[in-house]
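Shown next, in structure tokens, is the structure this report addresses.
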Amino acid sequence: MVTEHAVLGALATIQDPDLHRDIVSLGFVKELQIQGGRVAFCIELTTPACPVRQQLEERARKAVAALPGVAAVEVRMTARVTTGRAPASALLPEVRNTVAVASGKGGVGKSTVAANLAVALRQRGAQVGLMDADVYGPCIPTLLGVQGPLEHTAEGKVVPPQPYGVKIMSMGFFLPAQEAVIWRGPMLHKLVQEFLGRVAWGTLDYLVIDLPPGTGDIQLSLCQSIPLTGAVIVSTPQDVALDVAAKAVLMFQKLKVPILGIVENMSYSLCAHCGQREEIFGHGGAQAAGARAGIPFLGEIPLATGIRVASDAGRPVALDSDGPWARPFHAVAGRLAAQVSIVNAAAQGAAPLLTVQ
């Protein structure tokens, strides 16, 4: 006769590769039901973007199926995104995680990476927002094909447009064409506060924040305003970009913001005629720099005409999850989600993973 003890014992042999604990002690196993030789249960992960979701499901099914007396196994996979913040930020009470996307210098494709990561997370089932904090060069509306005017709630909050299911807010909605932002620190700080507190973000699993290049007032204001879950650093492979990216890493470390990982953008190019791989800016520099600094490497993104064309058209390549240029972004998004879960688990120590209802 199949018992609950036996089933949980079998499932306890399966470890989450990122959290390094078994799925039973993590509280992932839910709704266990045993009827004769039929066993059914749910595995509730910490993110719908879990990169090892299928492997965990297969291992759980095999572990239980191997028990004496088990004739059928039904596994249902769900997710509830965790947060490491307790209590929640007063400015973003319903936002579980805030992820800053930063770079040491301009021209490395940071905004394109941020937009496609947000879309990839949404494609995997997460509730996602994208805040364009790059006030000097706001391009998120262009990358996601959205224009104003904006609507407001009865309480006076701005309703963020929701292209492709991603809630977005940007200075680009308020700035006349061809006009430049020339603001000092106090005005930039006020803008950050407005974008955080006066936008109807609602319930989000991830708020991705596209920061300006460098280490200026916006970055400092953001870190002082809300507890960031962590930061992602975008760099190209060559030494000059990595040297400047290292300054962004140092800034976040001084501000006590975890570094979730580094992304190598424009990592390589494939010739459209012969398919030969060319490493125009070198290759592997970001991964090597991350290894030296103890920073996770989230993945590499190619330099591709298809990515540029899709971005200019306001339709990020990550929308086509099986497309050749989308797969790298989805792989990075999965690893990013895993790092967020790791940081949240560490913030909670040995206690059960905290969730926002």
Side-chain angles (χ1 to χ4, degrees), residues 1-88 94 96-97 120-128 165 203-206 229 260 296 298 321-322 327 330-357:
M1 182 176 179
V2 184
T3 66
E4 179 178 320
H5 178 77
V7 172
L8 292 178
L11 293 174
T13 64
I14 302 170
Q15 279 207 341
D16 183 290
D18 298 312
L19 301 179
H20 304 294
R21 288 170 56 188
D22 71 88
I23 63 174
V24 175
S25 66
L26 284 168
F28 287 3
V29 180
K30 310 280 187 181
E31 302 173 12
L32 175 58
Q33 296 180 350
I34 302 172
Q35 295 178 344
R38 174 186 168 276
V39 179
F41 55 90
C42 169
I43 297 179
E44 184 179 81
L45 302 174
T46 57
T47 173
C50 177
V52 293
R53 179 190 182 103
Q54 290 183 339
Q55 295 94 311
L56 288 175
E57 179 180 358
E58 182 179 352
R59 290 177 60 195
R61 190 185 305 277
K62 287 183 177 180
V64 175
L67 292 173
V70 173
V73 180
E74 296 181 15
V75 185
R76 185 166 61 90
M77 303 297 290
T78 63
R80 177 177 295 185
V81 176
T82 59
T83 179
R85 298 181 293 117
E94 298 178 277
R96 295 175 171 90
N97 297 287
L121 289 169
R122 181 70 188 97
Q123 290 283 95
R124 289 168 172 244
Q127 298 299 315
V128 184
T203 300
L204 295 177
D205 295 318
Y206 306 98
T229 303
L260 298 170
L298 299 180
S321 57
D322 292 327
R327 286 194 290 269
H330 279 265
V332 170
R335 297 184 191 112
L336 169 60
Q339 289 301 316
V340 169
S341 296
I342 291 170
V343 167
N344 288 341
Q348 294 303 311
L353 297 178
L354 179 68
T355 59
V356 175
Q357 301 298 327

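Numbering of residues begins at 1 and proceeds along the displayed sequence.
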Subject >> Of Thr47, Asn344, Thr83, Asp205, the residue whose pairing with Arg96 passes side chain to side chain donor-acceptor pair (under 3.5 Å) >> reply: Asp205
Subject >> Derivation and outcome, side-chain contact (heavy atoms from CB on, under 4.5 Å), residues Val73 and Phe41 >> reply: CA-CA 8 Å; Val73 180; Phe41 55 90; 3.9 Å; yes
**OP:** Ignoring hydrogens and angles, tell me if any N or O in the side chain of Arg61 forms a donor-acceptor pair with the backbone of Glu74 under 3.5 Å.
**Re:** no
Closest approach of [X] and [Y], non-hydrogen atoms and distance?
X	Y	value
Ala333	Leu121	O-CD2, 3.8 Å
Val70	Ala65	CG1-CA, 4.0 Å
Gln339	Pro296	OE1-CG, 3.5 Å
Cys50	Arg124	O-NH1, 4.2 Å
Ala337	Ala49	CB-CB, 3.7 Å
Arg335	Pro51	N-CG, 4.5 Å

N/O donor to acceptor pairs below 3.5 angstrom from side-chain atoms of residues 7-17, sequence neighbours left out:
residue	atom	partner	partner atom	Å
Thr13	OG1	Ala10	O	2.5
Asp16	OD1	Asp18	N	2.8
Asp16	OD1	Leu19	N	2.9

Subject >> Distance in Å, Leu56 CG paired with Phe28 CZ, rounded so as to fall on 0.5 Å steps >> reply: 8.0 Å
Original post:
Measuring from Arg76:CZ to Ile43:CD1, what's the distance to the nearest 0.5 Å?
Top reply: 11.0 Å
Original post:
Would the number of heavy atoms belonging to other residues, nucleotides or ligands and lying under 6.0 Å from CD of Glu4 be above 12?
Top reply: no
Subject >> Residues forming a salt bridge (Lys or Arg N to Asp or Glu O under 4.0 Å) with Arg59, sequence neighbours excluded >> reply: none
**OP:** Could you check Thr3 against Ile34 for side-chain contact (heavy atoms from CB on, under 4.5 Å), going step by step and ending with a plain yes or no?
**Re:** CA-CA 8 Å; Thr3 66; Ile34 302 172; 5.7 Å; no
Subject >> Candidate pair Asn97 and Thr82, rule side-chain contact (heavy atoms from CB on, under 4.5 Å), full reasoning >> reply: CA-CA 8 Å; Asn97 297 287; Thr82 59; 5.5 Å; no
Original post:
Which residues pass the side-chain contact (heavy atoms from CB on, under 4.5 Å) test with Ser321, sequence neighbours left out?
Top reply: His330
Subject >> Carboxylate-amine/guanidinium proximity below 4.0 Å for Arg53 and Glu57 >> reply: no
**OP:** Verify side-chain contact (heavy atoms from CB on, under 4.5 Å) between Glu44 and Met77, making sure each step is shown before the conclusion.
**Re:** CA-CA 6 Å; Glu44 184 179 81; Met77 303 297 290; over 6 Å; no
